[in-house]
Engineer: 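Provided herewith is a single structure, encoded as structure tokens, for subsequent inquiry.
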Amino acid sequence: MKRLFVPDDIVSSYSRPGNNVCMLQYTNASNTENFDAFLTRHALVYILAGVKQINVSRSGFRINAGELFLIPKGEYVMSEYIAGKQGFRSMMLFFNQKVARYLVEQLNETIPDALTETKKKKAVKIIPGNSAIQRLFSSLESYSEEHNPFLGEIIRLKFIELIYLLLDSPYRKIIISFLLDAARYENPSIMSVLERYLYSSQTVEELARIAGRSLSGFKREFTQLYGEAPMTWIRKKKLERAAFLLEKSDKNMEEVAEASDFISASHFARLFKERYSVSPSAYRAKQTDI
């Protein structure tokens with residue numbers, strides 16, 4: 001499965017992640033493909049053709065052609081698309097906090113009461129398609145095919161147009177809530193990142209990106225918080241989890257290694273013996289004898 005930090009890991013000539021709003025298009029004619037992605041910006045994704053199936057925050061969603069869905073920054077997404085007769089095609093608009101704050105300021109000036117109409121925050125919000133949204137994304141697709149030199153500005157204007165179209169729809173509260181989340185977004189604490197991703201297969205560099213920090217800044221803050229370098233502390237916690245599973249569960253060595261996020265049973269056994277001075281099987285036998 002591919003793992004990406006989106007949109008930072010994908011750059012096109014006209015949509016650079018440094019822009020306030022950037023657009024990514026995805027087209028594939030094959031039947032299915034899986035992605036494992038972390039969102040570094042808030043996103044609005046429109047499905048032009050095919051079907052998208054995603055898992056976010058332990059919930060599954062199915063998005064059909066013609067539907068728009070919203071995902072906030074900081075979510076980890078396991079995604080699969082299913083190509084139809086026209087293959088799979090989607091358009092993604094990513095925006096930063098600066099644009100969100102600009103739009104919230106505009107709303108505060110024009111319809112201040114709207115900012116109190118927020119809905120409960122959800123990881124994914126799905127909005128059924130309509131003809132106006134379809135025309136907007138069709139025009140964006142046409143502009144991108146022409147390689148218009150002003151495409152970056154067109155994307156920004158079309159994004160704002162899309163937001164106002166959605167504000168004048170039954171989904172106004174959803175959009176306002178989404179914009180407010182983006183405008184108020186703060187990078188997660190290192191503690192919250194570890195609570196969520198400690199036993200996943202993230203590298204220290206990936207954890208730093210998820211936390212919105214540079215690698216050096218992440219390592220420095222981590223050491224201040226936990227008194228150890230990230231790799232040392234994380235490995236210790238994974239071995240402690242493995243020891244707990246050996247003592248309290250009937251999982252075999254391969255299952256314990258996988259549940260504790262070690263790359264293989266042999267790698268796990270070697271590190272476990274270094275820390276506990278006995279092999280995993282001997283540790284389990286010792287606990288059983290007590």
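The structure displayed is predicted, hence computed values, not measured ones.
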Engineer: Looking at residues at least two apart in the chain, or sitting in another chain, which of them share a side-chain contact (heavy atoms from CB on, under 4.5 Å) with A229?
Structural biologist: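 In terms of side-chain contact (heavy atoms from CB on, under 4.5 Å), with neighbours along the sequence ignored, A229 is linked to T232.
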Engineer: When you look at CG of D168, are more than 12 heavy atoms from neighbouring residues, nucleotides or ligands closer to it than 6.0 Å?
Structural biologist: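 No, CG of D168 has 12 or fewer neighbouring heavy atoms, counting only those of other groups under 6.0 Å.
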Engineer: I'd like to know whether CD of E141 has more than 12 heavy-atom contacts from other residues, nucleotides or ligands below 6.0 angstrom.
Structural biologist: yes
Engineer: Suppose clustering is done on Ile, Leu, Val, Met, Phe, Trp and Tyr with side-chain heavy atoms closer than 4.5 Å. Which residues sit in the same group as F5?
Structural biologist: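 F38, Y76, I190, M191, V193, L194, Y197, L198, Y199, V204, L207, I210, L215, F218, F222, L225, Y226, M231, W233, I234, all in the cluster of F5.
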Engineer: Assess, by modelled atom type and distance only, whether the side chains of T223 and E228 contain a donor and an acceptor separated by less than 3.5 Å.
Structural biologist: no
Engineer: If you count the non-hydrogen atoms of other residues, nucleotides and ligands that lie under 6.0 Å from OH in Y164, is the total more than 12?
Structural biologist: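 Result for OH/Y164: enclosed.
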Engineer: Got a sec, which residues hit side-chain contact (heavy atoms from CB on, under 4.5 Å) with A269, two or more places apart in sequence or on another chain?
Structural biologist: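 side-chain contact (heavy atoms from CB on, under 4.5 Å) list for A269, sorted by chain: P280.
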Engineer: In a table with atom names and distances, give each donor-acceptor pair under 3.5 Å that connects a side chain of residues 270-278 to protein atoms at least two apart or in another chain.
Structural biologist:
| unit_1 | atom_1 | unit_2 | atom_2 | d |
| --- | --- | --- | --- | --- |
| R270 | NH1 | E274 | OE2 | 3.2 |

Engineer: Between E153 and R156 (salt bridge meaning N to carboxylate O under 4.0 Å), is one present in this structure?
Structural biologist: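 Between R156 and E153 there is a salt bridge, with a charged N closer than 4.0 Å to a carboxylate O.
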Engineer: Would H42 and F94 satisfy ring-ring contact (aromatic ring centres under 6.0 Å, His included), going step by step from the backbone distance to the final call?
Structural biologist: CA-CA 6 Å; H42 282 66; F94 298 91; over 10 Å; no
Engineer: Can you name the side-chain contact (heavy atoms from CB on, under 4.5 Å) partners of S192, sequence neighbours left out?
Structural biologist: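 Partners of S192 under the side-chain contact (heavy atoms from CB on, under 4.5 Å) test: P188, S189.
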Engineer: Apply salt bridge (charged side-chain N to carboxylate O under 4.0 Å, His left out) to K237 and list each qualifying residue two or more places apart in sequence or on a separate chain.
Structural biologist: E240
